[in-house]
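Notes follow once the structure below has been shown.
Residue numbers begin at 1 in each chain, while the letters A, B, ... track the order of the sequences. Atoms considered below: every heavy atom in the structure, side chains included; atoms not considered: hydrogens, waters and symmetry mates.
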Number of protein chains: 2
Amino acid sequence: MLYVVLYNYIYERQPVPHRDDSVETIQQEMTAFARRARATAARMHPELSLVSYTLLAHLDDQRGCRATDLAAHYFLDKSTVSRQIAALEKLGFVERRVDPDDHRVQVLHPTEKGAQVLANVTASRRQAFHERLADWDEADLDRFATYLRRYNAAQERLG
Amino acid sequence: MLYVVLYNYIYERQPVPHRDDSVETIQQEMTAFARRARATAARMHPELSLVSYTLLAHLDDQRGCRATDLAAHYFLDKSTVSRQIAALEKLGFVERRVDPDDHRVQVLHPTEKGAQVLANVTASRRQAFHERLADWDEADLDRFATYLRRYNAAQERLG
DNA sequence: AGCATGAGTTGTATTTGCCAACCATTGCCG
DNA sequence: CGGCAATGGTTGGCAAATACAACTCATGCT
């Protein structure tokens, strides 16, 4: 045991929460966050569910993509995506353009109206996030964002 | 403006994303994470859904609590909690002890069996997290954990 | 005693998601 | 060329999770 303490002292140079504790915390906090996200989203934007919002946002920032891509990106079943897109289309938020090169694929795009609604929701979401993050300094925000991206990328790689 | 650039150059030594970009990233990554968490959890542990797991874990580490507390803590409707607990009880994972002081409340506890299952799931979740975080150094883990806790605490305060 | 409050349950409807079966298009290989 | 596997997408059927509302029962205050 003494060796561990010494090791930490020499190589870490401060009392360091053990690796396991950090992992434990990350696990718990990520889980708690996941549990709440949907509820929060639903309360904030009854007009556009979290999933719809996410898909629409993805279309917007990819400048159009295929249903299959959406499914892969968000680990959703293709049937789920199909229905979600159908719903968004009925609302007039997305349109389909059949790919001239391959008539199986339809490239999805937000409509003008869709982009509008998306912009509204995004703005209000962003404001909520800003409030939540108001007392963070710039460097912390940046680091936090970087960690999240890194974490999600790892999850994407490992499944 | 020059000062900003210089400041960044000197203190950060690389082009720094604007505050808004960080917030945007955090928002997107948290959302993506939330979207995937349930699916991942379901794939890993068919025997215990993310919600059940979360509730059971909370009972375990609070050494028992009331259904209402669970609902408040996870932004769930009390009916939802009621049914989830009923399911967990039917599986023999939790037991109810009526509070002798107030016959309205039932204090929930994991059973022996429940604690056992919880331990298994926790262990395997923890391993998955460890894999995902394997190439992170200790300091980054610690900082990431701290950010997450801070973020969630803020969300808890602000709704 | 009487009524408001709080804890939980149950009925009902909606949303979300999965799986499997299916259709249409494409591209490849014999 | 002709069949066949692979790909993109839709649809039907189903189960789980959840919200909302109406209800019951115990408590506690006036």
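- For the pair A/Arg66 CZ and C/dT25 C1', the computed distance is 14 Å after rounding to whole Å.
- Screening A/Lys113, A/Arg96, A/Arg97 for a salt bridge (charged side-chain N to carboxylate O under 4.0 Å, His left out) with A/Glu89, the sole residue that qualifies is A/Arg96.
- Nearest nucleotide to the side chain of B/Val105, out of D/dT27, C/dG8, C/dC19: C/dG8.
- Following rounding to the nearest Å, B/Asp99 (CG) and C/dG6 (C1') show an atom-to-atom distance of 13 Å.
- Residues A/Gln84 and A/Ser52 bring a donor and an acceptor atom of their side chains to less than 3.5 Å of each other.
- The CZ-P distance, from A/Arg83 to C/dT14, rounds to 16 Å in whole Å.
- Here C/dT5 presents its P atom at 17 Å from CG of B/Asp102, a figure rounded to the nearest Å.
- Heavy atoms of B/Ser49 sit under 4.0 angstrom from primed sugar atoms or phosphate atoms, though from no base atom.
- Across the interface with DNA chain C, nearest-nucleotide mapping of B/Val81 and A/His103 shows B/Val81 to be the residue nearer the 5′ end.
- Between A/Thr80 and C/dT16 there is no side-chain N or O to OP1 or OP2 distance below 4.0 Å.
- Following rounding to the nearest Å, A/Leu50 (CG) and C/dG17 (C1') show an atom-to-atom distance of 14 Å.
- Between B/Ser82 and C/dT9 there is a side-chain polar atom (N or O) within less than 4.0 angstrom of OP1 or OP2.
- Between B/Gln84 and D/dT18, a side-chain N or O to OP1/OP2 separation shorter than 4.0 Å is present.
- In this view, B/Glu47 satisfies the salt bridge (Lys or Arg N to Asp or Glu O under 4.0 Å) rule with no residue, not counting sequence neighbours.
- OP1 and OP2 of D/dC20 both lie 4.0 Å or more from every side-chain N or O belonging to B/Ser79.
- The side chain of B/Ala67 lies closest to C/dG8, out of C/dC18, C/dG8, D/dA19.
- For the atom pair CZ (B/Arg43) and CZ (A/Phe75), the distance works out to 6.0 Å, reported to the nearest 0.5 Å.
- Of the candidates D/dT11, D/dA17, C/dT9, the closest approach to any side-chain atom of B/Arg96 belongs to C/dT9.
- At whole-Å resolution of the value, NZ in B/Lys78 and C1' in D/dA19 are 13 Å apart.
- The distance from the CH2 atom of A/Trp136 to the OH atom of B/Tyr147 is 7.0 Å, given to the nearest 0.5 Å.
- A straight line from CZ of B/Arg104 to P of C/dA4 spans 16 Å, rounded to a whole angstrom.
- Taking atom CD1 of A/Ile85 as the reference point, atom C1' of D/dG9 lies 12 Å away to the nearest angstrom.
- With DNA chain C read from its 5' end, the first of the two nearest nucleotides for A/Asp101 and A/Leu76 is the one closest to A/Leu76.
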